[in-house]
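Naming convention: chains lettered A, B, ... in sequence-line order (proteins, then strands); numbering from 1 in each chain. In this text the structure is predicted, and so the values were computed from the model without any measurement.
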Amino acid sequence: MNDFEIPATESTPLIRTDRTAGRLEMSGDSYPENSFELFQPVIDWLAGFLDQVLQPLTLELKLMYLNTSSVRAMMDIFDALQDAHERGQAVTVNWRYDRDNERVADLAAEFKEDYTFPFEIIPGS
Amino acid sequence: MNSGFPLPPGERPLTERIDALLSDAEHRDNPLRAPLAELYDAFSDHLCQLERITRISDHYQAAERDRGAGHAVNYRRQLRRLEKIVRISDQYQGMLRELNQRLEWLSHRDALTGLPNRRHALKRLREEHLRAQRGGRSFVIMIIDIDHFKDINDTWGHEFGDHALTAVAARLAASVREYDVCARWGGEEFLVMLSDTEPCTAGDNAERLRACVGSDPFIIGERQLRITVSLGVGSCRPGEELAELMKRVDDALYLAKHEGRDRIAFAR
């Protein structure tokens with residue numbers, strides 16, 4: 001479960017993990033050609049963290065556009081957080097969005113539905 | 001143990017009666033006693049077996065039913081998840097579509113004046129030209145150029161020049177009908193296309209546009225400034241290519257400039 005950082009590209013978001021701080025960060029657009037390739041390391045890291053580390057985890061998101069397979073991958077990630085939450089682990093999602101794109105907030109709210117862990121949708125600049 | 005066989009009314013269960021007969025000392029020497037005892041034991045064993053088999057079978061059935069229910073629950077959860085993915089994905093697509101429309105709109109706008117740009121004007125010109133060629137009604141085009149715009153820029157600066165351009169654009173746009181085109185054609189040039197318009201009315205229309213700019217001074221910032229325009233005006237001849245028409249109107253504009261500006265010249 002080593003930390004890693006994947007720089008943003010035209011079609012993929014920046015992804016950065018920080019085990020010490022208990023932070024997983026994703027920001028940008030997500031249109032990967034191969035979503036498995038992109039998200040599997042994230043899901044593996046997350047599983048490792050939730051399995052081995054007892055400190056709280058914060059998922060920091062600033063995602064704009066997601067294609068369908070990315071939507072699915074995000075739900076896998078949120079499902080893993082929900083399981084951890086139900087086991088008593090502290091997990092939080094902070095989803096930040098630009099004020100001039102309120103639709104992103106609607107979409108984040110759509111994701112949030114069904115989950116009971118803290119899931120904040122935060123307007124920014 | 002209960003054999004479960006139905007009892008005639010007022011009778012004790014068969015098993016009880018057999019138990020009683022076998023334990024009764026009076027029948028100890030009956031030759032039927034030993035075979036009955038043997039038969040009764042065999043019967044009891046069989047009954048025992050039967051109950052065991054029934055119990056095991058019931059367990060299997062219950063397990064099978066639970067497994068089926070588990071599948072159903074799992075299926076419903078997967079379906080719900082899939083529906084959520086589809087719903088969210090549709091919203092993302094909607095968002096992209098809106099963005100696309102916005103970009104499409106922007107690609108037809110001039111950022112400074114807010115008027116349609118040259119690309120949009122050309123598209124409308126081609127459509128209108130085709131319509132006229134197919135026997136539709138004729139249209140009138142004008143190329144309108146601000147007089148001495150270079151002097152305005154040089155004297156008051158480019159920012160002031162931009163304000164002047166925007167102010168002229170607003171007056172022109174307000175003076176045409178909704179289905180006409182008033183576009184920024186280039187630097188300080190505008191193109192007006194009056195659709196469904198007879199060439200004989202071109203002069204009045206052009207004069208109206210000239211006057212809407214030139215008759216009242218503009219107030220830009222703290223300055224009051226009179227701005228005039230020159231216009232080249234023309235309409236399509238039967239069978240004439242759009243490029244030829246544009247060339248004639250351009251030449252007319254040049255003529256209007258040459259003849260002293262703040263005036264209209266008709267394409268020849």
Exercise. Describe, in one word, how the ring planes of A:Tyr65 and B:Tyr92 are oriented to each other, choosing from parallel (under 30°), tilted (30 to 60°) and perpendicular (over 60°).
Key: perpendicular
Practice problem: Against chain B, label A:Asp76 side chain, backbone, both or neither, depending on which of its atoms sit under 4.5 Å from a heavy atom there. | Solution: both
Self-check item: Contact origin within B:Leu99 toward chain A - heavy atom pairs under 4.5 Å
Solution: side chain
Practice problem: Check whether more than 12 heavy atoms from other residues, nucleotides or ligands sit under 6.0 Å from atom CZ of B:Arg124, and answer yes or no. | Solution: yes
Exercise. Take atom CD of B:Glu159 as the centre, draw a 6.0 Å sphere, and report whether it contains more than 12 heavy atoms from other residues, nucleotides or ligands.
Key: no
Quiz item: For the candidates A:Asn67, A:Asn101, A:Asp106, A:Asp79, which exhibits the highest count of non-hydrogen atom pairs separated by less than 4.5 Å from chain B?
Solution: A:Asp79
Self-check item: Interatomic distance, A:Leu107 atom CG to B:Ile88 atom CD1 [nearest 0.5 angstrom]
Solution: 7.0 Å
Quiz item: What's the spacing between A:Ser69 OG and B:Ile85 CD1 if we round to 0.5 Å?
Solution: 10.0 Å
Exercise. Sort out for me which of B:Gln93, B:Arg80, B:Arg87, B:Arg81 touches chain A most, counting heavy-atom pairs under 4.5 Å.
Key: B:Arg81
Quiz item: For atom OH of B:Tyr254, is the number of surrounding heavy atoms from other residues, nucleotides or ligands below 6.0 Å larger than 12?
Solution: no
Quiz item: Take atom CD in A:Glu37; do more than 12 heavy atoms of anything else shown fall under 6.0 Å from it?
Solution: no
Quiz item: When only pairs under 4.5 Å are counted, which of A:Met75, A:Glu113, A:Met74 shares the most heavy-atom pairs with chain B?
Solution: A:Met75
Quiz item: Taking 4.0 angstrom as the limit, do B:Lys84 and A:Glu110 come out as a salt bridge?
Solution: no
Practice problem: Inspect the surroundings of CD in B:Gln101 and state if more than 12 heavy atoms from other residues, nucleotides or ligands are less than 6.0 Å away. | Solution: yes
Quiz item: Is B:Ile56 atom CD1 crowded by more than 12 heavy atoms from other residues, nucleotides or ligands, each under 6.0 Å away?
Solution: yes
Exercise. Please check if atom CG in A:Asn2 has more than 12 non-hydrogen atoms from other residues, nucleotides or ligands closer than 6.0 Å.
Key: no
Quiz item: For A:Met64, is it the side chain, the backbone, both, or neither that has a heavy atom closer than 4.5 Å to a heavy atom of chain B?
Solution: backbone
